[in-house]
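One structure is given below, encoded as C-alpha cells.
For the numbers below, each heavy atom of this structure counts, side chains included, while hydrogens, waters and symmetry mates do not. Numbered from 1 within each chain, the chains take letters A, B, ... in sequence-line order.
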Amino acid sequence: MKITVRINGANHTRDVEPRLLLSDFLRHDCGLTGTHVGCEHGVCGACTILWDGAPARACLAFAVQAEGHELRTVEGLAPGPGQLNPLQQAFQDSHGLQCGYCTPGILMTMTAFLEENPKPDEAQVREALSGNLCRCTGYQHIVDAVLRAARAAEQRKPNA
Amino acid sequence: MKPAPFAWHAPDELEAALALKAEHGGEARFLAGGQSLVPAMNFRVAQPAVLVDLNRIATLDTLGFTADGTLVIGAMCRYRRIERDADVARRLPMLAEALAEVAHPQIRTRGTLAGNLCHADPASEMPAVMLALAARFLLRRKGGERLVAARDFFLGPLATALAEDEMLAEIHIPALPPGSGTAFLEVARRRGDYAMMGVAAVLRRGADGRCAAARLTLCSAGPVPLAADRAASSLLGTRLTAGDFAAAAALVGAEIDPMGSVQASPAYQRHLAGVLVTRALSLAAERAA
Ligand SMILES: Cc1cc2nc3c(=O)[nH]c(=O)nc-3n(C[C@H](O)[C@H](O)[C@H](O)COP(=O)(O)OP(=O)(O)OC[C@H]3O[C@@H](n4cnc5c(N)ncnc54)[C@H](O)[C@@H]3O)c2cc1C
Ligand code: FES
Ligand code: FES
C-alpha cells in the first residue's frame, strides 16, 4: 500500500507491505541508514528515533503506522553537511563513541531527554541511558558527553 | 527477524475494531503499543493473520477522574501520558512510582497499560499494582460489555479472562480513602528490566492510628500476580511497627511460588520478597501517617 511519512521535515512516499518495520523503511526504502538495527526486539536501543518528539523504537512499529506523524532521525540533527549540532559535538569532544553503532540511538534518546531536562545530574543521565546498550565505551564517556552538552547549552543562554 | 505477512486494519471507530475482532476471532490480534506484540512477531513466536490496530481510535486514548474519584484509563492511553499526569501522581502515587520501573522511556512512549495487562506477564509490575489498587477492567465486545475485577482477570502466564472477541476497553482504579499510604518497590538487574521480585503495598490507618486496611501484592512471585492476603490481614488492628512488618514478611513466604530465572534462583527471589515486603510496608506506613 502507498504511504507518505514525514521524516526530518520532508515527505517520503513509498509503496510498502504492512509488515515492513519502520526501521527497515527508514534504512532500505528511504536510504536513511543512520538509524541502526541491533536486536529487532526493543532491547538495544540502536534504532531509537523521535516519534512526534518522543523517543521510540523504530523496530517495534510498522511503517504504515507512521503516516500522519512527525519523525526525526539522526540525519535531522546536524545543521548542515559536514557540521555537528552541539550534542554531536559534545560526543566528539568527550570521546562518547568508539565503533559508533549505538550512537544514533543514543543521540536521539538524549535529544529528547535534554529538551525535557536541560540541567540534568549524572544520576538522571544514567537513568535516561538505561534503554540504550553500548558494547564499547563503558558508558562513562557517553555520560560525560551529555553533561558537557547540557553545560554548553547553559553557557550559550543569553543571560547566563 | 521479520514478521510474517498479515492483513492490517486500522479503523477510526471502536465499534469497527470490535466487529473486526468478532469476525476474525483467534486469527486476529489487537495492536496497541506493539511493545510486546511486535517483538513476538519479529521472532515469529506470534504470527497473527490479521492485526486490528487500535492506534487511530482517538476515543480510546483517555485518562481522567470521575466524580467519585475513580481513575478511568482508556485502552490506548500510553504509559508516557500516565506517568506525566500531575493528578495521577498526587492521587494514585503508586501508579507513577511503579511506571518508572516499567521498561525504558522509549518503550513507554508507545506502550499502553491495557496492552501490558492483556499481555499478562507475571513478571510485569502492572498486574500486581492493579491488584493492590483493587482495579476493575471493562471488557467490551460487539454488542456487550462486562466488568471484571483485576483479581479475576489473570489466569496464568500470558493468559487472561479475555474471550476471543473481547477488548480491554477501560481500566477503573478507585480512589484511595483518606489515611492511605502506598509503596511499590522492586529489585531488577538494570533500570527498566523486568523485576526479579516486586512488591506493592497499600495501607490505611484508622483514626486511632491502627491499621484499618491492608493489601499486599507481588510480581515475579508465581505464575500470576499474587495477593498475599494472609500476610496483609495479619496487619489489621496492629500499630504498624517494625515487628508487625517482620511478622507479615514471614507469612509471605508461604503464599508465593517464585519460578526462578537465569537471573535469580527461587531461593534468592524468596529472600528478596522478605526484604522488599518489609521495606514496602514501612514506606507505605510512613506515607499513611
Ligand atoms: C525492552 C523492553 C523492556 C520491557 N520491560 C518491561 C518491564 O520492565 N515491565 C513490564 O511490565 N513490561 C516491560 N515491557 C513490555 C511493555 O510494558 C509492553 O508495552 C506491554 O507489555 C504491552 O503493551 P503494548 O501497548 O505495547 O501492547 P501490545 O504489544 O500492542 O499488545 C500486547 C498484547 O495484548 C493484546 N492487546 C493489546 N491491547 C489490548 C486490548 N485493549 N484489549 C485486548 N487485547 C489487547 C495484543 O493483542 C497483544 O497480544 C518491556 C518491553 C520491551 C520491548
Ligand atoms: S533494533 Fe530496535 S531496539 Fe534493538
Ligand atoms: S560505541 Fe560501539 S556500541 Fe557504542
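B/Arg191 touches chain A through backbone and side chain together, each having a heavy atom under 4.5 Å away. Only the side chain of B/Leu31 comes within less than 4.5 Å of a heavy atom of chain A; its backbone N, CA, C and O stay farther away. B/Ala40 does not touch chain A: none of its heavy atoms, backbone or side chain, sits under 4.5 Å away. No part of B/Arg78 comes within reach of chain A, as not one of its non-hydrogen atoms sits under 4.5 angstrom from that chain. At a 4.5 Å heavy-atom cutoff, the contact between B/Arg56 and chain A is made by side-chain atoms alone.
More than 12 non-hydrogen atoms from other residues, nucleotides or ligands lie less than 6.0 angstrom from NZ of B/Lys2. No more than 12 heavy-atom neighbours from other residues, nucleotides or ligands sit within 6.0 angstrom of CZ on B/Arg279.
With chain A as the partner, the residue from B/His104, B/Gln106, B/Arg190, B/Arg110 showing the most heavy-atom pairs under 4.5 Å is B/Gln106. Chain A forms the most heavy-atom pairs under 4.5 Å with one residue out of B/Leu51, B/Asp193, B/Ile107, and that residue is B/Ile107.
Proximity to chain B at a heavy-atom threshold of 4.5 Å picks out A/Thr109, A/Glu116 from residues 107-118 of chain A, in numerical order. Interface residues of residues 123-142 of chain A toward chain B, defined by a heavy-atom distance below 4.5 Å and sorted by number: A/Glu127, A/Ser130, A/Gly131, A/Asn132, A/Leu133. Contacts with chain B (heavy atom to heavy atom, under 4.5 Å) involve these residues of residues 56-78 of chain A, listed by number: A/Ala56, A/Arg57, A/Cys59, A/Leu60, A/Ala61, A/Phe62, A/Val64, A/Gln65, A/Glu67. Using non-hydrogen atoms only and a strict 4.5 Å limit, the part of residues 4-35 of chain A facing chain B consists of A/Pro18, A/Arg19, A/Leu21, A/Asp24.
Considering all non-hydrogen atoms of both residues, A/Ala54 and B/Thr109 come closest at CB-CG2, 3.5 Å.
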